[in-house]
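Comments concern the structure below.
Numbers restart at 1 for each chain; the letters A, B, ... are given by sequence-line order, proteins then strands.
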Amino acid sequence: MPVNLMQLAKEFDKKDPGITQGHRLCPGCGAPIIAKFVLMVAKHLGYEPVVGLATGCLEVSTTIYPYTAWSIPYIHNAFENVAATISGVETAYKALKKRGRIPDKKYAFIAFAGDGGTYDIGIQSLSGAIERGHKFVYVLYDNEGYMNTGNQRSGSTPPGAYTTTAPVGKLLPGKAQLKKNIVEIVAGHENVYAATLSLSEPMDFFNKVEKALKFDGPAFLAVLSPCVRFWRISDDKAVEISKLAVETKYWPLYEYERGVYRVTRKPRSFKPIEEFLKAQGRFRALLARPDAKDIVDELQKYVDARWERLLVLEEATKDKPIR
Amino acid sequence: MALKGWKDIPIGGVIDEPGKAREYKTGTWRVLRPVLHEDKCIHCMFCWLYCPDLAIVQEQGKMKGFDFDYCKGCGLCANVCPAKAIEMKPETEFLK
Amino acid sequence: MEKVYEKKALTGAEAVAYAMKQINPDVVAAYPITPQTPIVEYFAKFVADGEVDTEMIPVESEHSAMSAVVGAAAAGARAMTATSANGLALMHEIVYIAASTRLPIVMPVVNRALSAPINIHCDHSDAMAERDSGWIQFYVENNQEAYDLTILAVKLAEHEDVRLPVMVNLDGFIISHGVEPVELYPDDLVKGFVGEPKPLYPLLDTEHPVTYGPLDLYDYYFEHKRQQIEAMDNVKKIFPKVAEEFERTFGKKYDFVEQYKLDDADYVMVALGSTNSTIKYVVDWLREEGFKVGLLKVWMFRPFPKEQIQSILVGRKGVIVLDRSASFGAEPPLYEAIKSALYEAAVRPALGSYIYGLGGRDIKAEEIRKAFEDAINGNLIVDEQRFLGLRE
């Protein structure tokens, strides 16, 4: 039975989801909302979450010694190795359970990481953990840059976005490279569940978290996590921008499950990508350039083609899992 | 909170007090404060769902108000409310 | 009567793998690198044959090996890994984290030279680069010691007043691939000695949730490091107790250092690792000719047993220190430590530093003899860096 909002509200009116008040993330940040959603669904389904977290906004702002905003077991190791660390925790559970040294509990091993610790420095560790088939859920909160250290470009930064290490200047138009398609990279490991999620579609979000937790292998959830500081939006816009991302095909909502693609939200009409760009200050310098129209047109063609490709993949892989 | 010496803290950098962050009242950050118009509220629970700081107080699905110890005044609750039942007002209006 | 158990001819790698088999850790995460690879291969075979029920993680790099082992140990498991040279260098970041997080991980390190140029043979540059990491470090002379100290390390690491990871260093190829007779203890004796791990703050205990790896600002980092310093000091008190229990159980005596023919030695050589076997041979050779020479073999390099070394070396006529690694721009590590330990000696011996054996360069008995002769002939110059076996 799918998780529903009222059920969650009634269960968690006094109950602690696992992340607490008192954390020091920016007002309006997407990351703690994402963590809250994932942990609520996990606890609602009877899991005891054990969290691993890569260095980044969520990690640093929730665990400034001696405070911790985590009321569940939590480990931060380093920047690039949350998947390897969680592999170790998950394997320890298997070993200790087998040897009868711990009571058997319904654990959920959940690794959280930003795009920094996932697309770039963390990609090896992520790939290794997926290939080995550990049973864990990897939640990527994608704010499209190394935001904790002040907005440096990452492999996830979209072209034209302003970052301090790929600024829009007189000569260069910001980041020239496209954003890596991390879900496709993960899907390339084949024996995996991978999906994109958006804060603006909570039911879709909860369903995918449930699928990920119940999947008998590694699961990867990529959630767009608007950054109020460096996307230059006002504090209250995280959900609105997430919605715009879905409506402009910037962040299509789909899932990949062992070879089968499913597009889970098909808006009847789409908005032009320009609306997504105009809504955020990080694209202002780009849009002020004389060649802005060409750049936006190219980006529109890109998101259109990518959307078409997803529909084709959905058709081609329908009911044809590879395992 | 007084700083502790090296003999009085757990080894390994471990924090053994879960949720200790609750001692840190982020409500002091606020420059805007949410105000609830109860007559408009439909108890949809969206504000509770989206609050990044778990600062919406509800009981069994009934919206009660805000936890001003932690509310940072981001305004997400007002933004997502389908009934426009939450209004953000300057915090200065509430200073005594 | 001293009990002697059955001996088998084993390579050092197989002996270490056998120790790991008897320890039967909960989790092993390892990545192969020459010359450590046979350890992983033997252990993987034990797992595949069901001779251990360890969960083995075939990680995709050494950095992930140490990361996974940190995760497993934090979760409450007894976790081990092994590596060499650039593998150890790759996991360097996490090596520090393992010690700072006070996780009792045991890691045999098969010493091999660090690149560049790439060299797969023995020297101590890899482990020396980790000497500040907060790990306890042993250096073994032969296959028996590699086997023994891997077992002893588990007990030491997990001691409640220690809780520090331990590196057991064994010379690449010389020990790891050389065959020697090794006395193997019965399984139940090893199992009884290492006992059951008693983890502190296990992550899997959801009744007592803990946060590992917080952000320390400038108000707490110093205090956390002071705790590590205290733990290292505790090792000096705890290790003799563990060594004593090891002797009672297995009949082998270990200490911070081994003293070979030192009672009346005027000239003492100090070294780490397998070269000590050759030095013992040279000591015997020179003694036959009437020279009063001896060997101070250092077993425990971290924490550095300053007090023991001071009491042994004070009053000697000459001390010759052999280093199998360089510290570019300064004196080599063992020499620096020995010299500094002798700072306040009422009668300071003449000191000489010799770098040898880098990149697996063989060290011959004649070369060691020459170093002793330098001391005997009053030809040691404390600030002169000398080399054994280098082509000029």
The interface call for B:Gln58 against chain A, heavy-atom contacts under 4.5 Å, is both

Might you work through the side-chain contact (heavy atoms from CB on, under 4.5 Å) test for A:Ile33 and B:Leu76, ending with a clear yes or no? CA-CA 11 Å; A:Ile33 313 175; B:Leu76 254 173; 3.6 Å; yes

Does any heavy atom of chain A fall under 4.5 Å from the side chain of B:Asp67, the backbone, both, or neither of them? side chain

Side chain, backbone, both or neither: which part of A:Ser200 has an atom under 4.5 Å from a heavy atom of chain B? backbone

For B:Val14, is it the side chain, the backbone, both or neither that has a heavy atom under 4.5 Å from a heavy atom of chain A? backbone

Go through the atoms of B:Tyr70 and report whether side chain, backbone, both or neither lie under 4.5 Å from a heavy atom of chain A. side chain

Which bit of B:Cys44 comes within less than 4.5 Å of chain A, counting heavy atoms only: side chain, backbone, both or neither? backbone

With the side chain counted from C-beta on, respond yes when B:Met45 and A:Leu8 share a heavy-atom pair under 4.5 Å apart, and no when they do not. no

What residue, out of A:Met40, A:Arg24, A:Lys36, has the most heavy-atom pairs lying under 4.5 Å from chain B? A:Arg24

Which of residues 237-247 of chain A get closer than 4.5 angstrom to chain B, counting heavy atoms alone? A:Lys237, A:Ala238, A:Val239, A:Glu240

Under 4.5 Å from a heavy atom of chain B, the part of A:Pro17 involved: side chain

For chain A, which residues from residues 79-94 of chain B have at least one heavy atom closer than 4.5 Å to it? B:Asn79, B:Val80

With chain B, the option among A:Tyr65, A:Phe12, A:Trp70, A:Tyr74 that has the most non-hydrogen atom pairs under 4.5 Å is A:Tyr65

Heavy-atom cut-off 4.5 Å, strictly under: side chain, backbone, both or neither for B:Trp48 against chain A? both

Could you pull out the closest heavy-atom pair between A:Leu199 and B:Tyr50, with the gap in Å? O-OH, 2.5 Å

